[in-house]
There are 6 protein chains.
Amino acid sequence: MTDLVTFGETMLRLSPPGDERVETADEYDVDVAGAESNVAVAAQRLGLDAAWLSKVPDSPVGRRVTSELRQHGVTVDVAESPDGRLGTYYLESGDVPRGNNVIYDRANAAVTTATPDELPTERVREATAFHTTGITPGLSETLFETTRDLLSLASEAGTTTTFDLNYRSKVWDPAEARAAVEALFPDVDVLFTAQRDAEHVLGRDGDAEAIARGLQAEFDFDVTVVTRGSEGALAAIDDEVYEQPTFEATDDHPVGTGDSFVGGFLSRFVDGADVPTSLEYGAATAALKRSIPGDIAVVTPGEVESVIDGATAAISR
Amino acid sequence: MTDLVTFGETMLRLSPPGDERVETADEYDVDVAGAESNVAVAAQRLGLDAAWLSKVPDSPVGRRVTSELRQHGVTVDVAESPDGRLGTYYLESGDVPRGNNVIYDRANAAVTTATPDELPTERVREATAFHTTGITPGLSETLFETTRDLLSLASEAGTTTTFDLNYRSKVWDPAEARAAVEALFPDVDVLFTAQRDAEHVLGRDGDAEAIARGLQAEFDFDVTVVTRGSEGALAAIDDEVYEQPTFEATDDHPVGTGDSFVGGFLSRFVDGADVPTSLEYGAATAALKRSIPGDIAVVTPGEVESVIDGATAAISR
Amino acid sequence: MTDLVTFGETMLRLSPPGDERVETADEYDVDVAGAESNVAVAAQRLGLDAAWLSKVPDSPVGRRVTSELRQHGVTVDVAESPDGRLGTYYLESGDVPRGNNVIYDRANAAVTTATPDELPTERVREATAFHTTGITPGLSETLFETTRDLLSLASEAGTTTTFDLNYRSKVWDPAEARAAVEALFPDVDVLFTAQRDAEHVLGRDGDAEAIARGLQAEFDFDVTVVTRGSEGALAAIDDEVYEQPTFEATDDHPVGTGDSFVGGFLSRFVDGADVPTSLEYGAATAALKRSIPGDIAVVTPGEVESVIDGATAAISR
Amino acid sequence: MTDLVTFGETMLRLSPPGDERVETADEYDVDVAGAESNVAVAAQRLGLDAAWLSKVPDSPVGRRVTSELRQHGVTVDVAESPDGRLGTYYLESGDVPRGNNVIYDRANAAVTTATPDELPTERVREATAFHTTGITPGLSETLFETTRDLLSLASEAGTTTTFDLNYRSKVWDPAEARAAVEALFPDVDVLFTAQRDAEHVLGRDGDAEAIARGLQAEFDFDVTVVTRGSEGALAAIDDEVYEQPTFEATDDHPVGTGDSFVGGFLSRFVDGADVPTSLEYGAATAALKRSIPGDIAVVTPGEVESVIDGATAAISR
Amino acid sequence: MTDLVTFGETMLRLSPPGDERVETADEYDVDVAGAESNVAVAAQRLGLDAAWLSKVPDSPVGRRVTSELRQHGVTVDVAESPDGRLGTYYLESGDVPRGNNVIYDRANAAVTTATPDELPTERVREATAFHTTGITPGLSETLFETTRDLLSLASEAGTTTTFDLNYRSKVWDPAEARAAVEALFPDVDVLFTAQRDAEHVLGRDGDAEAIARGLQAEFDFDVTVVTRGSEGALAAIDDEVYEQPTFEATDDHPVGTGDSFVGGFLSRFVDGADVPTSLEYGAATAALKRSIPGDIAVVTPGEVESVIDGATAAISR
Amino acid sequence: MTDLVTFGETMLRLSPPGDERVETADEYDVDVAGAESNVAVAAQRLGLDAAWLSKVPDSPVGRRVTSELRQHGVTVDVAESPDGRLGTYYLESGDVPRGNNVIYDRANAAVTTATPDELPTERVREATAFHTTGITPGLSETLFETTRDLLSLASEAGTTTTFDLNYRSKVWDPAEARAAVEALFPDVDVLFTAQRDAEHVLGRDGDAEAIARGLQAEFDFDVTVVTRGSEGALAAIDDEVYEQPTFEATDDHPVGTGDSFVGGFLSRFVDGADVPTSLEYGAATAALKRSIPGDIAVVTPGEVESVIDGATAAISR
Ligand SMILES: [Ca+2]
Ligand SMILES: [Ca+2]
Ligand SMILES: [Ca+2]
Ligand SMILES: [Ca+2]
Ligand SMILES: [Ca+2]
Ligand SMILES: [Ca+2]
Ligand SMILES: [Ca+2]
Ligand SMILES: [Ca+2]
Ligand SMILES: [Ca+2]
Ligand SMILES: [Ca+2]
Ligand SMILES: [Ca+2]
Ligand SMILES: [Ca+2]
Ligand code: NI
Ligand code: NI
Ligand code: NI
Ligand code: NI
Ligand code: NI
Ligand code: NI
Ligand code: NI
Ligand code: NI
Ligand code: NI
Ligand code: NI
Ligand code: NI
Ligand code: NI
Ligand code: NI
Ligand code: NI
Ligand code: NI
Ligand code: NI
Ligand code: NI
Ligand code: NI
C-alpha cells in the first residue's frame, strides 16, 4: 500500500547554466519540475512510499520525466498518451537585481486531458494520504473535474487529503482560482497556503494566525498550514497554533522551496508524527532545497536531521 | 531593396550533446531551426541581402531565435505576439543503427496565426525573390491562406517566387499536402522537390528527369529542381536538364542539408547566375553543412568555392 | 512476482570525455556499470519485471548507482553497508590505434562480503529466472559461496538459472575461473559464453557449433549460447542449433555490448519466446547499445524492432 | 538614419569558466568586448538605432566579433582587413581576495590602422549622436588622428558628440592621455568621466560636483557626467547638477558596468529625454549588467524599468 | 639540493560541478589532493625548490596525480607500484545549510605499503627541511614506521623537520592519533596544529597561547604554530608569541586552506625569514586559496604580497 | 645532463569544441602547441631527459604554456619577459569537406626577441642532442641569428644537431625559407623533411629515396629522414636507405603528427638505437598521436610498443 499518492502535471524545466540568459545561451540544463511530483520525491526520500499519477506523452520527452522521478524511488503510475505534448518551462536565474524569471510553455500538455478512468484510482483509495495542488484544477476544465473526482473518492475511501493552494498568476486569475479551490475544499483535510495567496486569492486578512484560524473555521480543515516566506510557517490544528521559523539558507536555488516544505512536512505527518515535528521537518527540508539545483529536494533523512540539530558547517573528514 | 525575402516558422531545436539520449541527458544543446530561415541565412552569408518574415512570441524564447538569425546578417522582420508560444523540436542523433530521430512540439506556435496584415508585405513586393516551403501552409489553415496571399502578391509585383515542397509526414498526410501545394503552384516560378516527395505526394513516377519535365509541363514552372539525396540533383529549365552530383561529405550533421542546398542555389540564381552554376553552388553548400552542427550553414563564399574546386583537406598553415 | 532477478557487483565508471586521456582530463563522465545490472536494465526496458540484488555502501556514492538503476524501472533490492566501498573503474576510449583501456579499482567493494542472509532470497525463489555471471564468483571467496547458494536455491525452487561466463583476466586466471564455474554448472540451465572464453577458460576447441554441442552434452544445459564477436551468435537447444548474425553497428561505444545481448535475449526468452526470436532480439539490442554512451542499453522495444526490421536511417520527421 | 554611431576597438575576451585560473584552465569562455560596442549594444537593445564602426581582420576571428554584435541588432559597418589581427584580452575573475585581473594582448590590432577614408563617415554626419571613448585615441597615433577627425566632422555636421574618458593605465600614462583627450574636448558635447580619472588624468580636485562644474566651465560641455563607483553618478547641465544613486546589484560580473551606464544614459538622452531620466536609465542598466556574464548588457527596456520601479525579486510565475 | 622535501599520500578528488550532488551528477571534476603535496606546491610556487615523495600505482590514474603536481614545478620522486590503487575522495560542496561533505575511499592505497628503502632518502638528508603530517602515520602500520624513520633520519642529518598534526576523524580515533604523533614529536622541530586538534587529540586546554607555550615546553619544539580558523594563527618561538589575524576571504573553496597556510609559512621560513613574516605569508596564501577551486593554492608571490599589502579589488586594466 | 635540448616558439592553441566553428563557438578549448616543445614532450615521455628553451611573457598566459609542458616532465628553461605577448593560434577542425583550418596570431611574440645570452646555452653544450625546426628562424631576424648561433655552439660542443624543416607558408615564402635553412645546414647532423617541402622549398625532385640521397650528398647530413604523409617515411644513413610504412590510425587529431614522429624517432635515436628502430618508434608514436586531442603526444613507451606489436583493439579487462 502506498503511503502518499500525488496527482498533477510535471514539466521539463529548461534553464541556461550559471548566470547566462535564455536569449543567448547555447545550452540549457534540463530538470524535471512539478509541484506534486516534487512533493512525492521529497516524501519518498524522507521515508514514505510515495506515488505520482499523471499523464505524459509516450515519447523520449515523456520518459525524460518519468525516468528522473523513478530514480528517487517514487512509484510512477501514469497514462501514456500517443499524441499530447509535455509542458515545458524556461527558468532564468540572475543575482540582484535580476531575480528568477519563469516563462511557461505548458498549454495543451497531455495531462490536461487526463480523466479518472485513465488513472489508477485504486491506488488513491488504498493510500494513507492523497496530495494535489491548486495548480492542477487550473490547467483545464477536465483537470478541474478529475481533481474534484480524485479528492472525492479519496475522501470517501478514508484517505487523508492534502492540498497546497499554490496560486499561479500565469495560469488563471484570483477569482477563477478562488471559485475552483473553494469548490474542492469540502473534500480537503489538510490545507497548505502561502499567506499572500490566502490574502489575494481567498480574500483573507489579518495576521497569519488569524488567517489560519479563519480558514480552519470556515472550511473545517483538520490542519491549516500558512507559510510566510522568510518568516517561517504556522499550523492550526484543533485549538492549537504552532509556529516554525525558517532555517538559515542560501538564496541560490529557491525554486521548489515550497514543495520541499510540503514534502518534508508530509513525510512525518503521514507517518503519524505530530504537527510541530512535521513543521520542523518541512522547514529543514525547504532550507536544504535552497542549496540544491533543480526543482527537487535531493536530500536524506540524516541531512534533514542535521539541519534541525543545527550541525555546524565545518568540513567533516 | 532586399534580394530574397523568406517566410515561415522557425523553432528552437533541443538536442542532447554527443551521442546522449533525450531520455537521460542532463543538458540540451540549443539551436535555431526553420526551413525558410535556414535558406535565408545561407543566402545572406553567400552574398545576398536576405530577410526572414514570421511571427514569434515577445519573450526571451522568441528572442533566442531572432538574435541568432540576425547574427548571420539576415534582416529579421517579424510580428511579436504577446501570447503565443515558440515551436520546439527535439533532435536525437545516433550512429548506426540508431539514426536521427525528430520529436516535434510545434503545435500552436505564434506563427500559426500570422496574417498578411501583420507582416511587412511591402518587402515582398519590392524583393527580387520570395521563398517559402511546403511546410508553412501545412501548419494551420491561417498559414495556408497567408502563404497563398504572399505568393500571390509577390507574383503580381513581379517578384520571382521560389518554393521547396519539403513534405513532412509528421505535419500532414500526402493527400492534404498535395491539394494545398498544387493550389499554390500557379503562383510559383521555381520549384524544389525531393524525388521521393514528387513520387509520394505529387504522384509522379519515372526517373528524376521525367519527373522534372512532367512537373515543368503541368505547372509551367520556370525552373524545376529535383533532388535525389546522395545521387545529386537535377534542374529542368526551358528545354534543358542539368545534372549536379553531390560533393563528398560526412554524415555527422545531416539536418539542414536540403535547406542549405536551396540557400546556396538561390544565392547565385537570384544574383543572376545560370542554373548549372547555381546547382553547383547549392551542392557545395549542402556538403559543407553536413560538417557543421545545428540546422544552419555557417559558411563563407570562399569555403563554398574551395569545395567546388576540390581543394584538398591538408592542414593549411 | 519478478520475472528476472539478477545478482552481482555494479561499479562507478569514470571516463574522460571524448578522446581525452585519464592522465590529463579535468573531468570524468560518471556512469554505472555492472554485468548483471546491465542485463537487468536491458530486460526491464524491453518488457520484463527485473530486479537487481547486491550490496552497496550506505553513502552518496552507493546511491549514485542505485538511483541510476531505478531510473530504468529496475527493482533495486540491496543490502546497504555502513563501511565498505563501491568499486570503480576507469575507462579510456580512443580511436585506432588506441582502443579501449579499462583500469579496475574494484578490490574490497562492499559486495565482496555479501552473504545470502543479507539478500532477499525469497525474490530468487519466486522469480521466473535468475541471472548472474562468471565475474561474481571471482570477486571473493564469500561471493563464490553466495553465488553457489543462490544458484542452488533458485534451482530447487524451479527458477530458471542463466549464467554468462564473462571471463575477466584482470580478476582471476583461467584455471581458477574454470574450477569455480564448472562447480556452479550443475545448477545452471542456460549458459552464455564467448567462443574465446570457451576455448581459453573451459578448454574447448572446434568451431562454435561444436563448442555449443560439447558444453551442452557435458553439462546438460537447456540452452547453450556461444557468441562470436562480429561474427554473430549461435544457440544449441535440444538437437537444434540456431545461428544469428550481428546487425551493422558503430564501434563508438562497445563496452556493454555482451550484456545487452544477454538482456535482449532474456527479455524474450523469459517471456516464453523461442530461441531464434530471443537470439534476434539479443543481437538487435547489442547493436543499438554500440551507439549509446555508458555501459547500459537505454533502448525501447520499438527501437529493437526497427533494427530487426532493418528500418533505414533517413531522418524521420 | 542612425540614432547613435560609435567608433572604437572591440576585442575577443577569453576567460576561464567559474573561479578557474588562466594558468590552469582547460577551456576559456569567449566573449566580445569593446567600450564603444558595449555602448552601442546597450543603446540598441534599449530602443535606439545604433551602429558600430571599426576595422577587423577578414577572418573567422574577426567575424566572431561582428556576428555577436549584429545579434543584438547593432548595425556593424566595419572595414575588413586582409592582414591585421584582432586584439584579445584575458579576464580572470576571483572572489575576495583575488578580484578581477585583466591581461591585455591588444597591440597591433587591425583597428589601430583605421583611417577615416576606410570608414562610412557619412553615417557619422547623418547620425543624431556620435560616441567614442578615451581608449581609442590611445591605441595608436593613427587612431588619435582618426578619432579627432571623426569628432570634428560630427561636430561640423551638427551630430551631438559624446565621449567617455575611460582612462586605461595599461594603454598609456596619465600625462599622455590628458594631452590627447584635452585636444579632442573642443569637439565634445557630452563628457562622461569617472571621478578618479578626472582627478588622476585631468588633474581635477574637489568633490564630484565641483569637478563636474569645473570641467563644464573650462571645456564648455553641454553635459558633464561624473561617475563615482558605488556612490552613484552626477551630471552638470547648464546651471543644474543632478545626482543619481546606484541601484543595488551583485558583484559577480562588474566588467562592462561603466559602458552599460553610458549606453543606458544615451538610449534615453539621444531620444530626447532629460538628464535626470537619462541618469536613472543609465544607473539601472549598469545594475542589471552586474548580474550578466560577459562585457555586454543583454537587457530589455522592461527589465530596466523594473529596476527603476524597484520590483521585488520574488519568482514571477 | 632541495629546500623542502615532503612525504605523504595524494588522492584523486572527485567532485560534482557547481552545487550538484554526488548522487545525481553526470560528471565529476577531477583534482589532486594531498596534505603534503598541497604544501609542496604552495612552497614551490612561492619560491622554494620543493619535492614530494610517495608511492603511486604505475597507471594512468597514478600519473593523473604526478603530472598535475609536476605542472607546478614540484619535483616528484615516487615509487611506482605495479599493483596498488590510488586513494580517491568525493567532495560535495553546498551552500548553507549543506556545507562541505567528504567521502573517503582511501583504504589500501599503494602508498600504505611504502617503506624507506623504496624512497629517495638521500633527498631527505640533503634537504633544508622535511615536512609531513599527522595523516600519514594514521594510514597504515607501515606508514607509521616509515614516517618515524624519515623524521629520524632527517633529524640526524640536520634537516629541519616540520609536522602538521592535521587530525582526521575518519582515519583514526583521538587516542590512537595521540599515541602515534607523540611518539614522533621527539624528532619534530616545528609543529603546526589547529587549536581544536590540540584540545581533542593532545588533551590540551587553555587559550591558544597557553596551548602553544605548553606544547613548546613539553615537546621542546623550535616553533609551535597554533591555528584558530577564522580567528587567525599564533606562533610560539623561544620566549615570544606572535599573532596573525586572517585576511578577508570568500567561503567558496575552503578545502586546502590549512595546507596553503603551512606552504606559505614554510616558503618564507625555510628561506630564512623570521616567524612573523612567515605567519603573514601563510595567512595571505590561505586567504587566496579560498578563492581557488581544487585543493591546491595556484598562487604567485606577487599575489600573496598584494593580499598582505591590502590591494583593493578594483579591476586592473 | 640533458639528453635532448629543444628551442623554439610555443603558442596557445584555441579551438572550438567538437565540430563547432570559431565564428560562433561560445568557448574554446585551450592547448599548448609548439613544434619543438611537442618533440620535447614526446621524447621525455618515451624515456629521454628533455628540455625546452624559449622566451615567454611573465604572466598567467606565459605560465599556461610552461605549466602544461612541465606536467609531462620536460625541463622548462625559459627567459621570462616583462612585456612581450604569447603567440596564439586558432584551430578549427571539421570533417570532410571542411578539413582543418589554422589561423595564426603569432606576430610579435616574446620569443621573437630571444638572444643566446638570455638562454641557458650551457645546457645545449652539455646535451647529447639539440633540436630545432625551420619555423624558428622564420619568425624574426633575431631568431634566425639565435638559431644559427645555437646550432653552431652545439656543433662545436659535439652535441648532435637535429633539424625538422617544417615549412610554414603562413610564415614566409619558399625562397626566403630556402636561403635561411640552407645557411643553417652546415651545422645540422640529422635532417627531417617532408617530401613536399623538399620539393617546394629546397627544389628537389625525384622520388623520396632520390631526395634523401641528394640532400645527404649535398649537405653531408649524418641522417636524412624524408616523410611522405600516409605513405610512410624513409631514412638515408651512410649507404643505406630504410623505409617505414605508417601504422593504421584515425584522422581525428592530425595536428602534431609530424612532431610526434620526430619525438618518437629521437627518443630512441638519441638513446643509441639504430635508424630502423628509431623510424619504427617514430611511426608508432605518430599513429598514436592521431587519436589524442591537442598538439601533444600524451603516450607511454608501453603504448608505442603495443602499436609496433600490432596489439588488437579488443577491450582489455
Ligand atoms: Ca545564479
Ligand atoms: Ca557552450
Ligand atoms: Ca549555437
Ligand atoms: Ca539532473
Ligand atoms: Ca571516443
Ligand atoms: Ca585541474
Ligand atoms: Ca567567479
Ligand atoms: Ca576540459
Ligand atoms: Ca589540456
Ligand atoms: Ca557568449
Ligand atoms: Ca552531462
Ligand atoms: Ca548518465
Ligand atoms: Ni550550438
Ligand atoms: Ni540538472
Ligand atoms: Ni551565487
Ligand atoms: Ni558517435
Ligand atoms: Ni551536467
Ligand atoms: Ni559521430
Ligand atoms: Ni574543465
Ligand atoms: Ni553519462
Ligand atoms: Ni570518432
Ligand atoms: Ni561567488
Ligand atoms: Ni552569480
Ligand atoms: Ni580542476
Ligand atoms: Ni552556490
Ligand atoms: Ni566563487
Ligand atoms: Ni565530427
Ligand atoms: Ni559566454
Ligand atoms: Ni585540452
Ligand atoms: Ni574521435
Side-chain angles (χ1 to χ4, degrees), chain B residues 15-20 27 29-32 41 45 67-73 93 95 246-257 260 264 283-300 302-317, chain F residues 9 11 13 15-27 33-35 87-106 133-135 138 166-172 194-197 200 227-230 251-259 290 295:
Chain B
S15 34
D19 292 336
E20 297 284 329
E27 50 264 317
D29 287 336
V30 181
D31 286 280
V32 157
V41 169
R45 294 189 62 102
S67 288
E68 181 153 337
L69 293 177
R70 267 199 310 259
Q71 157 180 9
H72 300 285
S93 299
D95 296 289
T246 56
F247 292 95
E248 189 197 348
T250 177
D251 265 347
D252 265 14
H253 308 286
V255 180
T257 302
S260 300
T285 305
L288 278 165
K289 167 62 199 70
R290 298 175 73 84
S291 73
I292 298 169
D295 260 61
I296 288 177
V298 182
V299 296
T300 63
E303 290 170 341
V304 172
E305 279 147 31
S306 288
V307 171
I308 292 171
D309 297 347
T312 70
I315 307 165
S316 166
R317 58 186 174 185
Chain F
E9 178 182 25
M11 297 178 280
R13 163 181 144 176
S15 34
D19 291 337
E20 296 285 329
R21 307 224 65 178
V22 164
E23 180 181 333
T24 49
D26 214 30
E27 51 265 315
T88 58
Y89 90 87
Y90 300 85
L91 172 70
E92 190 181 279
S93 298
D95 296 289
V96 175
R98 259 210 291 150
N100 293 283
N101 187 26
V102 163
I103 302 154
Y104 282 139
D105 180 14
R106 68 196 297 182
T133 76
I135 300 168
N166 237 343
Y167 174 68
R168 291 286 181 268
S169 65
K170 293 179 177 174
V171 167
W172 51 3
Q195 182 171 349
R196 65 169 188 276
D197 291 349
H200 300 136
T227 58
R228 293 181 291 167
S230 61
D251 266 347
D252 265 14
H253 308 286
V255 180
T257 303
D259 303 329
R290 299 175 73 84
D295 260 61

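Chain identifiers are assigned alphabetically (A, B, ...) following the order of the sequence lines, protein sequences preceding nucleic acid strands; residue numbering begins at 1 within each chain.
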Residue, of G18(F), G94(F), S169(F), that accumulates the most heavy atom pairs under 4.5 Å with chain B: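 Top option by heavy-atom pairs under 4.5 Å: S169(F).
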
Note, I292(B) side chain near R98(F) side chain (heavy atom, < 4.5 Å):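 Counting from C-beta outward, I292(B) and R98(F) do come under 4.5 Å.
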
Any V96(F) side-chain heavy atom under 4.5 Å of S291(B) side chain: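 With C-beta onward as the side chain, the pair stays apart.
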
Shortest non-hydrogen contact between A249(B) and P97(F), atoms and distance: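 Looking at all heavy atoms of both residues, the shortest contact is CB-CD, 3.9 Å.
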
Atom pair CD1 (I296(B)) and CZ (R21(F)), whose distance is rounded to the nearest 0.5 Å: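 I296(B) atom CD1 to R21(F) atom CZ measures 13.0 Å (nearest 0.5 Å).
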
Residue part contacting chain B, namely of R168(F), when any heavy atom lies under 4.5 Å: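 Both parts, backbone and side chain.
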
V171(F) portion near chain B, given a 4.5 angstrom heavy-atom threshold: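 Contact with chain B involves no heavy atom of V171(F) at all.
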
For A297(B), side chain to side chain contact (heavy atoms under 4.5 Å, CB included) partners two or more places apart: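 For A297(B) the side chain to side chain contact (heavy atoms under 4.5 Å, CB included) partners, ignoring immediate neighbours, are A42(B), S260(B), T285(B), K289(B), V299(B).
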
Atom CD of E305(B) with >12 non-hydrogen neighbours under 6.0 angstrom: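 Correct, the count exceeds 12.
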
Side chain, backbone, both or neither of E303(B) within contact of chain F (heavy atoms, under 4.5 Å):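 For E303(B), the side chain is the part near chain F, not the backbone.
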
Under 4.5 Å from a heavy atom of chain F, the part of V307(B) involved: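 Only the side chain of V307(B) comes within 4.5 Å of chain F.
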
